[in-house]
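A short worksheet on the structure shown next.
Just so it is clear, the values below take in all heavy atoms, side chains as well, and ignore hydrogens, waters and symmetry mates. Letters A, B, ... mirror the listed sequences (proteins, then strands); counts begin at 1.
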Amino acid sequence: MLEKTYDSASAEPRIAALWDKAEAFKAGAGAKPGAEAFSIVIPPPNVTGSLHMGHALNNTLQDILARFERMRGKDVLWQPGMDHAGIATQMVVERQLSQKGANFGRRDMGREAFVEKIWEWKAESGGLIFNQLKRLGASCDWSREKFTMGAHGEAGDQMVDAVTEVFVQLYNEGLIYKDKRLVNWDTKFETAISDLEVENIEVDGFMWHFKYPLAGGESYEYVEKDADGNVTLRETRHYISIATTRPETMLGDGAVAVHPSDERYRPIIGKLCEIPVGPKEHRRLIPIITDEYPDKDFGSGAVKITGAHDANDYGVATRNGIPMYRLMDTKGAMRADGAPYAEAASQARAFVAVGGQPDANAVDAVNLVPDEYRGLDRFEARKRVVADIDADGLMIMVENKKIMQPFGDRSGTVIEPMLTDQWYVNAEELAKPAIAAVREGRTKLVPENWDKTYYQWMENIQPWCISRQLWWGHQIPVWYGPDGKAFCAENYELAIEQAEEYYSELNDDAALGEAFNDSTISQYEKITVVAVDDAYGSSKDQSGRYRAKPNSSSTMTGIEDGGYAEIEIDLVRDPDVLDTWFSSALWPFSTLGWPEKTPELARYYQTDVLVTGFDIIFFWVARMMMMGIHFMKEEPFHTVYVHALVRDKDGQKMSKSKGNVIDPLDLIDEYGADALRFTLAIMAAQGRDVKLDPARIAGYRNFGTKLWNATRFAEMNGMKADPDFKPENAKLAVNRWILTELSRATAEITDAITAFRFNDAAGAAYRFVWNQLCDWHLELLKPVFMGADEAAKAESQVVLAHVLDETFKLLHPFMPFMTEELWGVTAEKRKTLLCHAPWPQASFSDPAAADDVNWLIDTVTAIRSIRSEMNVPPATQAPLYVVGANAQTKDRLARHETAIKRLSRVSEIQLSDTAPKSSAQFTMGEATGCLPLGSLIDLTAENARLAKELARIEGDMAKVSGKLGNERFVANAKPEVVAAERARLAELEGEKVNVEAAKARLAEL
RNA sequence: GGGCGUAUAGCUCAGCGGGAGAGCACUGCAUUGACAUUGCAGGGGUCACAAGUUCAAUCCUUGUUACGCCCACCA
């Protein structure tokens, strides 16, 4: 016998162990021979992560699909795994190390030791989330767990091979390349990040207006006109007015630009002006140029151009050959290295004098930062610059201004646009087939309104910056020769081969000389300074020079012609690692064994559905589409189901800072995993965020208890599973009715899950169990079980067992633990676990039985309603008189007599020609039911009740007959609609007659 | 600036071209037998506003208002 309530805390671990032992979720477990494959890859949680509400929703939905398809007999693979999450993980481990003391920074440790520490940490505490997912009931094939960084220490690890293979192939195809561009630089983590990792947030800022004096004290006539061409200002100026929100970048200005049609500045175009910062004797002069970029109507119409620190300026500088000066170091402090200030100034003069191109190599080598600003943090420098200019009297004004400021999504620091060398993927090229795949329906987004978002982003996609100056990640498989020449290969040996081939073919003496110089040692050191500087995390050796550790060396022979009998080539590996999302992009095929041609790859790729939140559509979904199509020649998934965010009950995004985070594990502890899952499923309506109120979870926990107790009731009444049971063989109307309802619910749930309408599926299950099975079927069976009809009793015991079994199955995807538990305890010897039981078929329907029982339900409800409104004490029994019953009603009354008596507390049922005195009356189809309540009846109340009823009927009739009286309605509406309205009118008329008769009878009393 | 979305009961939300729904909350009644994590009954809505399409609009179209999100962005 079942306990009175279900104890999730003790049952869940037991059930989980059962599944574990049976290896119930291994790919293909429980599948029929020759079954169709069904595969899902999990969005790999961060190795640092712990289960949050988003994971709970995401994995609940995946698990519903996995369990559903498994029960439908498919060969299901739900592929689990974790993401190494470059920045996030490195950050966590660094933070932990820093708590140990000052000497535990990653730099103190060195790269190798630090990375080893991360692996150690991963082994100890990483992957916590897997246990949490198991607590949620996730039916992944845990034996296939993958990690985007592969297994530590294994040479030739396949997950690493996949990344290398992809990089090398894309490199050879020209789709990966190195470029010097403006990148988003995170000054906290000292790495480049991609556009997607930047959040633009509006903040309060200032816009300063400064005077840039014309060189040599020159002046011009400044004329400002209004829209009609009337002069509104005319004065002689010695300066040009420049507005900026970032004064500290003035030090790196390369020019001032105005729009070519801007007449105000025509006299001074091509002249020089002075940047009003730095030692007076050394102020740098920059040219005034024209470009389409400046907006005449914004500010003064003149823009300072700082190509190395602003994305728009970068474009202007590139177009016009303006030099770009990188002002800051990797931490965002003003550079403290480089050439003296005067040298930069003269270089700038030279540039202008010859009207020539900037010397690209000189760009980084020159330091334009005057002594007083060196080493200052950029924001400190800003204050100083402003103060200095103000002190010189060159500040015109300062305005308060809302500015959009870029922040790193992980670091929270202000992102600095920085001119650096990075690796890029040509995303534009890869996006083309990925766009076509969705446009041509090979991959469907659900709900489909995400299509537009996808297209919009994909069609405007920018080069994807994939290199990161971190230590935790896949190191880029590129090695540099002594002259900086890049060799991209699967490993060092292959890179060396490439290098040998390259250098041996380079038999031009001069070229070779340039590559190696006379002394390979000195050249090597020189090159490593360029390739590996402090920013990239190499360690300084004791002599203070920068050194990189060569992986190994190779001796090359055979180029004696060049005069070098033997040259030693040391290749230095690119120290950067790849963006985390690079390896995640390969997830649908790397987890299946690619680049090997494994059977799993053949069987489970293309995956069926990806379940994910909209927040990673760009980060992840789009990239998987690109990589999957490029390398597998087939889209990675048939369907992408995009779910919403989980918010708190007030619609706020959950965040630690707001303190409104709900921990799913707490909810599982309190209510059980099933309750949480069911709540998430029933609230997961497409296209709307899930606002989670713990009160709802309690409600759905109660739902589980309801089912539990329904089973308990069945147990008490001798439920009996009959393997040969067929719904068609049931005789009792109540049984045929519940079997019909079961079938209807089965169809509804099946259709809804298939269409990813999880809320509809859960809702249908809820209504079936609570409102049909418990509220009515069990209540209607009570008289049967208490009665003397042994055949009816026996049938009901079998039907009940069957209905419950099917219900367990229908609910299993949503509430796997409790249903598995109930399945296990309700029969002596189950051949299979519930999770491998066949999904119910919706094959039975008996409309006549449905009508019959629905009539009974209506009758009971009507009587209860009257009793309640008349305040009849529950203990009081009253007889029921039925007036004007036809043959069918008489039959029904006879068959359901016991049920009616019991459920509506009626003492006896009598057919009658007239209504007895002092009775409340209600409609029973063509007949009228009368409850002679004698002194209990409140004539006034009953009269009012009937009047209200009549008003409702008449109101409805007016509406319906209005419609039917409208010729155009009859002519234009669909025939079945017209017919339905006619039938409804007839029904209402019948009711009206009954109610009027009842009123009349009441009046006679 | 571009795109997406939302507005239905006190709250959280389904629904959607032909009779306004659920859960929670609220009110009344019920406590020996599946279940108080319960049962029965009930109150509560100009379906944001306006115009249009239609025989018919909560639903479709357009506009307005309010709120939310994503992308881009003027120094």
Which nucleotide in B:C70, B:G42, B:C29 has an atom nearest any side-chain atom of A:Ser865
B:G42
Taking pairing as Watson-Crick or G-U wobble with both contacts under 3.5 Å, can you name the mate of B:G39, or confirm there isn't one?
B:C29
Say we look at B:G19 and B:C47: how far apart would their P atoms be, to the nearest angstrom?
14 Å
For the side chain of A:Asp775, starting at C-beta, report the closest nucleotide among B:G39, B:A75, B:A41.
B:G39
What's the closest nucleotide to the side chain of A:Met207 if the choices are B:C35, B:A75, B:U12?
B:A75
Does A:Asn717 offer a backbone N or O that forms a donor-acceptor pair with the side chain of A:Gln797 under 3.5 Å?
yes
Does A:Lys782 come within less than 4.0 Å of A:Glu779, counting only side-chain N to carboxylate O?
yes
Separation of atom CG in A:Asn184 from atom P in B:C73, rounded to whole Å
10 Å
Using a distance-only test with no angle check, is there a side-chain donor-acceptor pair under 3.5 angstrom linking A:Ser194 and A:Glu197?
yes
Answer for the Watson-Crick or wobble partner of B:C4, both distances under 3.5 Å, is B:G68
With the side chain defined as heavy atoms from C-beta on, A:Lys691 is closest, among B:U12, B:A14, B:C55, to B:U12
P gap between B:U8 and B:G3, integer Å:
25 Å
Among B:A34, B:U12, B:C55, the one nearest any side-chain atom of A:Lys782 is B:A34
Would you indicate, yes or no, if B:C55 has its OP1 or OP2 atom less than 4.0 angstrom from a side-chain nitrogen or oxygen of A:Lys963?
no
With a 4.0 Å cutoff (strictly under), does any side-chain N or O of A:Lys974 reach OP1 or OP2 of B:G18?
no
For nucleotides B:G23 and B:A14, find the distance between their P atoms and express it as a whole number of Å.
16 Å
Just call it for A:Phe703: base, sugar-phosphate, or nothing, with non-hydrogen atoms closer than 4.0 Å on any strand.
nothing
For the side chain of A:Asn709, counting heavy atoms from C-beta on, which of B:A41, B:C35, B:C70 is nearest?
B:C35
Nearest nucleotide by nearest heavy atom, which residue falls closer to the 5' end of RNA chain B, A:Lys304 or A:Arg696?
A:Arg696
For the C1' atoms, the ones on B:A36 and on B:U32, what distance do you get once it is rounded to whole angstrom?
14 Å
Within the 4.0 Å heavy-atom criterion, would you say A:Pro873 contacts the bases, only the backbone, or no part of the nucleic acid?
nothing
Are A:Tyr454 and A:Trp450 near enough that their ring centres are under 6.0 Å apart?
no
Sort out the partner of B:G45 for me: Watson-Crick or G-U wobble, both distances under 3.5 Å, none otherwise.
none
What is the distance, to the nearest angstrom, from the CD atom on A:Glu967 to the C1' atom on B:A56?
16 Å
Got a salt bridge between A:Glu748 and A:Arg767, using NZ or NE/NH1/NH2 to carboxylate O under 4.0 Å?
yes
Hey, does A:Gly301 reach any base, or is it just sugar-phosphate, or nothing, if we go heavy atoms under 4.0 Å?
base
Between P on B:A75 and CE on A:Met397, what's the gap in Å once rounded to a whole number?
14 Å
Can you confirm if the aromatic rings of A:Phe817 and A:Tyr6 lie within a centre distance of less than 6.0 Å?
no
Between B:A14, B:G42, B:G19, which nucleotide gets closest to the side-chain atoms of A:Asn759?
B:A14
Please tell me which of the listed nucleotides, B:C71, B:G42, B:U37, lies nearest to the side chain of A:Phe618?
B:C71
Pick base, sugar-phosphate or nothing for A:Ala685, based on heavy-atom distances below 4.0 Å to the nucleic acid.
sugar-phosphate
d(CG, A:Leu692; P, B:C11) in whole Å:
19 Å
Would you mind reading off the distance between A:Leu680 atom CG and B:A14 atom P, rounded to a whole angstrom?
14 Å
Phosphate OP1/OP2 of B:G39 contacted by A:Lys706 side-chain N/O (<4.0 Å)
yes
Indicate, with a heavy-atom threshold strictly under 4.0 Å, whether A:Met404 touches base, sugar-phosphate, or nothing.
base
Expected output: side-chain A:Gln462 to main-chain A:Asn460 donor-acceptor under 3.5 Å:
yes
A:Leu778 near the nucleic acid: base, sugar-phosphate alone, or nothing, with a heavy-atom cut-off under 4.0 Å?
base
Across every strand shown, the nucleotide meeting Watson-Crick or G-U wobble geometry with B:U61 (both distances under 3.5 Å) is B:A51
Verify the contact: side-chain N or O of A:Asn972 to OP1 or OP2 of B:C55, cut-off strictly under 4.0 Å; return yes or no.
yes
Considering only the P atoms, how many Å lie between B:U46 and B:A41, rounded to the nearest integer?
26 Å
Is any side-chain heavy atom of A:Glu869 closer than 4.5 Å to a side-chain heavy atom of A:Ser865?
yes
Side-chain N or O of A:Trp770 versus OP1/OP2 of B:G39: is the shortest distance under 4.0 Å?
yes
Identify whether the distance between the nearest side-chain nitrogen and carboxylate oxygen of A:Arg439 and A:Glu459 falls below 4.0 Å.
yes
What is the distance, rounded to the nearest whole Å, between atom CG of A:Asn966 and atom P of B:C55?
9 Å
Starting from P on B:A20, measure out to CZ on A:Arg952 and report it in whole angstrom.
11 Å
Quick one: is A:Thr306 getting a side-chain N or O under 4.0 Å of the B:A75 phosphate, OP1 or OP2?
no
Please state the P separation for the pair B:U6 and B:A48 - nearest whole angstrom.
12 Å
A:Ile286 side chain reached by A:Ile305 side chain, heavy atoms, under 4.5 Å
no
Among B:C40, B:C35, B:G18, which nucleotide sits nearest the side chain of A:Arg864?
B:C40
Could you list all N or O pairs between the protein and nucleotides 6-10 of chain B that sit under 3.5 Å apart?
unit_1, atom_1, unit_2, atom_2, d
B:U6, O3', A:Arg688, NH2, 3.1
B:A7, OP1, A:Arg688, NH2, 3.0

Residue pair A:Asp295/A:Asn871 against RNA chain B: nearer the 5' end by closest nucleotide is A:Asn871
Looking at the side chain of A:Cys774, which of B:C55, B:A34, B:A41 is the nearest nucleotide?
B:A34
Basic-acidic side-chain contact under 4.0 Å: A:Glu987, A:Arg984:
no
Just checking A:Glu981: base, sugar-phosphate only, or nothing, at a heavy-atom cut-off of under 4.0 Å?
sugar-phosphate
Paired with B:C11: which nucleotide, if any, by Watson-Crick or G-U wobble criteria at under 3.5 Å for both distances?
B:G23
Contact class for A:Ser300 (heavy atom, under 4.0 Å): base, sugar-phosphate, or nothing?
nothing
Within less than 4.0 Å of OP1 or OP2 of B:A75, is there a side-chain N or O belonging to A:Lys401?
yes
Between B:C73 and B:C67, how far apart are the P atoms? Round to whole Å, please.
25 Å
Is the distance from OP1 or OP2 of B:C4 to the nearest side-chain N or O of A:Lys452 less than 4.0 Å?
yes
Would you say a side-chain N or O of A:Asn460 is under 4.0 Å from OP1 or OP2 of B:C71?
no
Taking all non-hydrogen atoms of both residues into account, name the closest pair between A:Ala673 and A:Glu12 and its distance.
N-OE2, 2.7 Å
Please give the distance between the P atoms of B:A57 and B:G17 as a whole number of Å.
14 Å
